[in-house]
Amino acid sequence: MAATSQDPGSSAPARWRSIGELNGLANEGRDGGDEFPPGASEWPEGLDRRSFLKRLGASLALGGLGGCMRRSNGRIVPYVIPPENAHPERPEYYATAVPVEGYARGILVESILGRPTKIEGNPDHPESLGATDAATQAAILDLYDPDRSRVPLRAGLTSTREVFAAEWAQFLSARPAGQARIALLTEPTTSPSLLREVGLMLDAFPNALWFQHTPLASYEVDGLQPDYDFSKAGVILSVGSDCLYRHPACVRYARGYAAGRRVVDGRIAASRFYAIESSPSVTGVLADVRLPASPPRMRVIMGAIDKALLGNSSWQAGLGAQESDFVGRLARDLRANGQRALCVAGEEQPMDVRRWTASLNGRLGSEGSAFRWLASARSDSNQRSRGDARALRDAIAGGAVEALVVLSSNPAYTSVALRGVIPAISKLPFSVHLGAYADETAGACAWHLPEAHFLECWGDLRAYDGTASVLQPLIEPMWNGLSALEVVRILRSGTLPDSYQIVRECWRDGAAGDFDERWNRWVRLGVADSRAAAGARAPRGPVAAPDSSTEAPGLSLLLAPDSNVLDGRSANNAWLQELPRPLTRLVWDNAALVSPSLASRLGVEDGDVIRIAARGGLVEAPALVMPGQATDCIAISIGYGRWRAGSVGNGVGFDAYQVRPDDGTWGIEGIEVTTTGRRHRLVTTQHHFAIEGRNTVRTVDAVSLVLPKPPPRTSLYGGWPRNGNAWGMSIDLSTCIGCSACVLACQAENNIPVVGKDQVSRGREMHWIRVDKYFEGAPDNPRFLSEPVPCMQCENAPCELVCPVGATVHSSEGLNDMVYNRCVGTRYCSNNCPYKVRRFNFLNYRAPADSIINLQKNPNVTVRERGVMEKCTYCVQRINAARIDAERENRPIRDGEILTACQQACPAEAIVFGNIADPSSRVSARKAEPTDYSLLEELNTRPRTTYLAKVLNVGETAS
Amino acid sequence: MSGAPFGTVAAFGDERSFLDAIAKAQKAGFRRIETFTPHNVEGEAALLRRRPTPVSWIMLAAGILGGAGAFYMQWYAVHDFRHLIDVGGRPVDSWPSFIPITFELTVLTAALVGTAAMLWLAGLPRLDHPLFGSAGFERASQDRYLVCVLAEDPRYTPAAARDALLPAGPEAVNEVTK
Amino acid sequence: MKPSKNLAEGDPEAELLADGETPASVTRSISAIPIDNPRPRFWWAVFGAAFLVVLLLCASLGWLFVRGVGIWGINIPVAWGFAIVNFVWWIGIGHAGTFISAILLLLHQEWRTSINRFTEAMTLFAVACAAIFPVIHLGRPQFLYWLLPYPDTMDLWPQFRSPLVWDVFAVSTYGTVSLVFWYVGLMPDLATMRDRAKTKGWRRVYGLLCLGWRGEGRHWNHYTKLYILLAGLAAPLVVSVHSIVGLDFAIAMLPGWHSTIFPPYFVAGAIYSGFSMVLTLVIPLRAVYGLGNYITARHLDLMAKVMMAMGWIVAYGYFCEFFTAWRSGDVFERYVAANRVIGPYAPYFWALMICNIVAPQFLWSPNLRGCVPVLFVVALFVNVGMWLERFVIVITSLHRDYLPSSWGIYHATFWDYSTLAGTIGLFLALLFLFVRFLPMISMSEIRTLAAKREASK
Amino acid sequence: MAMDPKTLRDPHNEPLFKARDTTIFRVLLAFAALLVIGSGTMAYAYFHSGYWNRVGIAPPQPILFSHRHHAGELKIDCRNCHPTVETGAFAGMPSTHTCLTCHSQIFTNTVMIRPLVESAESGSPIEWNRVNRLPDHVYFNHSIHIAKGVACFTCHGDVGKDALMVKGQPLIMRWCVGCHRDPGARLSQPGDLFDALAPAKPPKATPAELLAFYHVRTAVLTNCSTCHH
């Protein structure tokens, strides 16, 4: 407690507790400290006294008699004609790709009994390499979202596709052939087929205009894509970039970054990572040396870097001590590394900053090795496009549009420009919206067509590096949805086409030889023959450093795409809503992040609603104190406050688009902040971020790599005989980027329920693996430590000892088995678990029996009922499946044959699972590294999951 | 109340004359004497040379059996068919863990068997008794001390019994029939 | 604190029975309460209120079974909340009865005689209230029977290393033996009731309940031996039960729980809370039913002294906990200790200190001790304090354990409070039924006392 | 008998109970004790009984399909109709078309197989009543049992003996773990695995030899997670 907490002003790297504690508040209550908050009891809506009594009676009757009545054995229904696949119960994997802001990420989709159940990375795809990010894992849930749009709507009323086609034909026939003034709005896309279809449409209707809109930043700099190879970098400079976490190539980048941070055979050639950013990002907080700076201040520092690199001795002018130390060390290391120096800028940075940062690579010599330019893969700068949403607004306002066609985009929410002309859209002679949800834009358009999920239709996309993939469906469209390809074809030709034919037409085009053979290979591998442009040339010569003004700019606001729901498109995905935001651990909300010192200056604490006025816009959002946030900068993510997202996303969070500038910039200077006196309940899954002097996350210096070894432990007991496989896991904290992909992979694999904001606020989140975050050092610029914590599978498991019914016992292979159907729910095991990795079904968290969400469930994992404890078991269903295969063939299980879901998803390969009894296994090699340690080793629980300490490569200070 | 005599009852108002009456009846040669008192009277058992009750030995035996059974049950549960379960890496024969239940079941069986034995030895439950019909017997549970010379005594005649009891100064003497 | 035996005889300051009481008067006045119900309005008021609270308990349990334990405030990491706090509290209260009956009987403390019946009944009802909680706190209470050893279709056994299984045996044994002990002690009095009841129906009822007891010398011969042996069994039992409850915590490796001091410290705390509850209940009942002749000022004085002594043992327990935490040098233990004193639940801790340590110190003064209202208030404080003690042990240890990332907070909900209140109602309702229909003071034993005094005159 | 009239009730009071009442009371007490013990015994007997476990019970079926005839007398291999038993978790149920491989030629017009013909014509499957069923929380895999030498008859009984399919074994956990704890004695020789009838003679190999032959690793068999996850 206070005995161990430090003076917040001291810059000593002491480990400290929550922000509330720093401010002298003992209460860590997530809702602002009310000891017994009103309405904390449980009475679900729509349950009156009568039905309560009915249910009570029924439950007593069932409880009393259910045990003594024989259940029906049910029916068994064989096929009339047996299917081709003799084993429909066995998972099959199909290659396809998930769209990531229009780019492809190759995936393999697991299908059991004909329904897609889980997404894995495609090892053959360059932007997946077998791994995924969290958003990719969550994409499977969208398929089964009950809120998805199911029928065409005309003015909000149910209609049909045929009526739509007829009405469109009528619209066209009322105008001279080909003269209809059609406006087509899409997101920037890499799909060759869609671009071809759009092209054909523009050909067919000379007056048609094509606009492209996305609220997110373009990945292009002057028409080219910067691309990085972190594995070749010795020194990395990130300028506000989050490219290891949120980028079409983030998996590849994370893999490359991890290569430079991994201890192998006791050695490491560690990269050194510098970051300068205004708000902590998943990528930035990994930096060995990190400097928070507000957007205007960043420009000053970049100017200093530029000067220092040029050898201008006056570079220190106007810098603070911390800043000049940062710049000095950075410049020294960048010059020393030359070709191995990599500079990366965030996409949300102003274009001059991105240009300058990219040009540094050319100056330092890393262009061609760690850095390269790629030709554009996305249609951002397509010649036929007439501009973005602003251009469309002008066109509508100018009367140049008779028919508006919005494809797979939601501009009525995401475009500040278009929000203003919604009444005008409603008055157009024809307007149609294609989308997975009857969302905000659907409400503005006369027609709404349900869109097919990408697992329901054919398509094609290019990856960031240009690799093309054919997207194949895993399931018939559940709600008769259409793809954008099909809609464009309907609009152009009036026929009701098939996406399969459209995609094949595009790819057959101009192709010689045996097309079917190639097509089948593309579909099977998930990677089409590469038509990617090779590395492009640098766009221009030397670039001047971003100019900066010297006057004090005051407070600035930094908008950012949300780490989970992006621009709001995933707002109705409950997995993503409940997945803690990587750094704040916030769920089901966004918040205005303020630095600790700004918070005390404004007099606000977590949950106080503040009003931010910026350039005429106004947004009110609850403040959340974020250590490491630039002092004069408030950050808030977009994508919340939606009103037609669906039952999950409606009304969640605060709509930061209200202050988004029309031109799509992300930083706003000179904002005004006032307090409102109101409070909002912010819910986090973790609310104590200090490490309390406990050795839970260990760090080692890259030079010495010395970790104190614990004394050998002896036992009076003989211990249990261990023969056969001994499962174990190693988690490398040095390569872990803290992205939470493991959390969602586990959720998808193990049927983990979503419990909602209220239950999380009561401390009842269900994730089996969590990513702990700790802050260490000065609150305004701490070191961030993250640590994924699954069940440790202790050999001396404390949980097992106290279970009265033996529902959790050890397996012969060292698993801490959890037998759901034996559990009576005393929760004693959770109390006795020092790692608190056990999760309890306090209420019935299962979806209703008839819910469509159940189709996603993994049939090989029991869906837990109310009152049952659950936890990670190293994906024992996968172990069993592999064992059955191996036993049938009378061979041992091969190393790497079993991948746990978290391991499989991890982009950084930080998690390795395997047989520790086999000294040649990968996990044994990991555990033999000098940086291996057990969490809470002193308790002698002997965990099978151990960690590799986080390697820091801070280097010496400039002086 | 059918004719056969049960015995002769004398009621006393205090312990001293009650004990005195027993002694006097014994002196008169009666050996089959029973008493009915509102509480346990010290000296009564010695005077009547009652055998020590076996309740304590029964309880001891029951307790040992219960404890041994409890320990065996736990031992059996962890060794069930050589199917040994690894619980938290602890040894199979975690005998210290078995002590509490062994103790509890020792106490439980001793208490239950002892109580049953007491009832059995005392001939309870017995709802009917010749004395229940007799006048004034309700005072035996309140404030009177009753001495009864039983009819089964070979020397018993109503008159002899009355003569033996009267010298102690009873408040009342009554003949009771079955 | 060991009043000498001869205090019972003649010392005017140390009267255990008022002058002029004879076996006849004892029988008359004590049996008059169930037979005549001398204070019907008081009885109906308390019983009626308690019954309404029992209805609240029924509603709380009904809602619990419909929705699940999630209606309470428990979470991860605080997976045990009010249910366990209440369980330990009630079980502790249940310890005074057996302690007074058994241990004081073995120690030949005659002053137990006036209060043993009542406290045994209190024990039974407290155990009944306590026994509700381990059942309802289960996530799946319908599978409670899996904690019992029986030949099931799964060929599985309970996990006998778990203290919760020990609890099952300890609590059920304690409940059963307490019931047997109480009932055996009640048999002669039931016979008295049979013989004094006014209507034939009641005489029949009491006649059946006393199993035909007739005070025969042969009965007494077996009976007295059994009774003393049951006392001999109950004495270690009473120690074992709360030791095992203490082991529920001590076996766990949680800082703040994993402590060898727990079993004795829990036993002392249990007796402490038991005596305070006895005083809380006896003081008003004694006044209302005019039992001052039997539960004399001397009785209250002795109970106050026992309570104070136990309070000091409990205080020593607190001290030991902190001392051990400090002396261990263990970062986790030290943190939990400090967190109790200044953490989010510090108000509970300090309230506990006031209730359990400060309040009883007023009883050092014989004047204050002799003042019945003061004694009553102090007893009330200790009752609350002992509940707080369990709250502090359970909640503060759980809410911040090893990994700071998993630290949490616990807020009780309406249903937590309603269930606690409901069991208090149930306890009072049962107790008032007992007072209404059974003699609340052992007539046969007081008669022995009265007769002995008559004899000595 | 004269006593203080103030504290005495009517001295000519009738006794409350007769000797008969004592007998009834004692019998009732004994009965209550028996009830406690007896209900436990009855519950044990009930839940281990064939009634509860449905052993030996043949549920009605839409077609009076005879395993005795097909498997016992005609000696059609089990795998003919349950084709995935060696490769998959499910043994597989014969599709309508599987039946029609023979029954498009023989007995085509009998009343008995009318439902089969109707199924083929309408395309709607035949709904059989399940005989063997495991709870949802049990993950059972046929293929591994066959691979490790557990014959069909070991769990399904002598299916070639009865006309209608009856449940051959209780399939309760006690029965399952009985074998998982001591599998050797229940294994069969490779040639016997698909017999419809348990061989009259015990296998020539000893349990230990069979365990070695099938490479059975007994340690994992009794892990909870082997069947429950």
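Every chain is numbered from 1 and lettered A, B, ... according to where its sequence line falls, protein lines coming before strand lines. Predicted, not measured: the structure shown is a model, and the values here were computed from it.
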*With a 4.5 angstrom heavy-atom cut-off, could you sort out which part of Thr873(A) is near chain D: side chain, backbone, both or neither?*
neither

*asked:* Please classify the contact between Arg883(A) and chain D as side chain, backbone, both or neither, with a heavy-atom cut-off of under 4.5 Å.
replied: side chain

*Can you measure from CG (Asn141(D)) to CD1 (Ile884(A)) and round to the nearest 0.5 angstrom?*
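Atom-to-atom, Asn141(D):CG and Ile884(A):CD1 are 4.0 Å apart.
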
*asked:* Would you compute the distance between atom NE2 of His228(D) and atom CE of Met818(A) and round it to the nearest 0.5 angstrom?
replied: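 The CE atom of Met818(A) is 12.0 Å from NE2 of His228(D), to the nearest 0.5 Å.
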
*So, Asn223(D) side chain and Ser812(A) main chain: donor-acceptor pair closer than 3.5 Å or not?*
yes

_Qualifying residue for side chain to side chain contact (heavy atoms under 4.5 Å, CB included) with Ser225(D), from Val876(A), Asn816(A), Ile879(A)_ = Val876(A)

_Any residue of residues 95-114 of chain D which, by heavy atoms, sits under 4.5 Å from chain A_ =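 The list, in residue order, reads Ser95(D), Thr96(D), His97(D).
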
*asked:* Within the supplied structure, the quantity of interest is the number of heavy atoms (other residues, nucleotides, ligands) at a distance under 6.0 Å from Glu476(A) CD; does it exceed 12?
replied: no

*Does OH in Tyr93(A) sit with more than 12 non-hydrogen atoms of other residues, nucleotides or ligands closer than 6.0 Å?*
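Above 12, so yes.
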
*For chain D, which of Thr808(A), Val863(A), Asn890(A), Val809(A) has the most heavy-atom pairs under 4.5 Å?*
Asn890(A)

*Name the member of Asn860(A), Val77(A), Leu815(A), Asp885(A) that forms the most heavy-atom pairs with chain D at distances under 4.5 Å.*
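The candidate making the most pairs under 4.5 Å is Asn860(A).
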
Heavy-atom proximity to chain A below 4.5 Å, by part of [X]:
X	answer
Pro59(D)	neither
Val216(D)	neither
Ile57(D)	side chain

Can you give me the closest heavy-atom contact between [X] and [Y], atom names plus distance?
X	Y	answer
Arg75(A)	Glu127(D)	NH1-OE1, 3.0 Å
Gly88(D)	Arg90(A)	CA-NH2, 3.7 Å
Asn880(A)	Thr226(D)	ND2-O, 3.7 Å

*Between Tyr139(D), Tyr214(D), Phe90(D), which shows the greatest number of heavy-atom pairs under 4.5 Å with chain A?*
Tyr139(D)

*Output the option from Ala43(D), Pro125(D), Ser124(D) having the highest count of non-hydrogen pairs under 4.5 Å with chain A.*
Pro125(D)

*With salt bridge (Lys or Arg N to Asp or Glu O under 4.0 Å) as the test, would you mind laying out the steps for Arg217(D) and Glu887(A) before giving the verdict?*
CA-CA 9 Å; Arg217(D) 293 193 298 122; Glu887(A) 289 280 347; 2.9 Å; yes

_I'd like to check the side-chain contact (heavy atoms from CB on, under 4.5 Å) partners of Glu749(A); sequence neighbours left out, ordered by chain and number._
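Glu749(A) satisfies side-chain contact (heavy atoms from CB on, under 4.5 Å) with Lys118(A), Asn858(A), Cys875(A), Gln877(A), Arg878(A), Ala901(A) only.
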
*side chain to side chain contact (heavy atoms under 4.5 Å, CB included) assessment of His229(D) paired with Thr862(A)*: CA-CA 6 Å; His229(D) 41 76; Thr862(A) 305; 5.9 Å; no

*Only counting residues at least two apart or in another chain, list the ones meeting side chain to side chain donor-acceptor pair (under 3.5 Å) with Thr87(D).*
His87(A)

*asked:* Considering only residues two or more places apart or on different chains, which pairs with a residue in residues 794-816 of chain A satisfy ring pair (Phe, Tyr, Trp, His ring centres under 6.0 Å)?
replied: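 Listed by first then second residue: nothing to list.
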
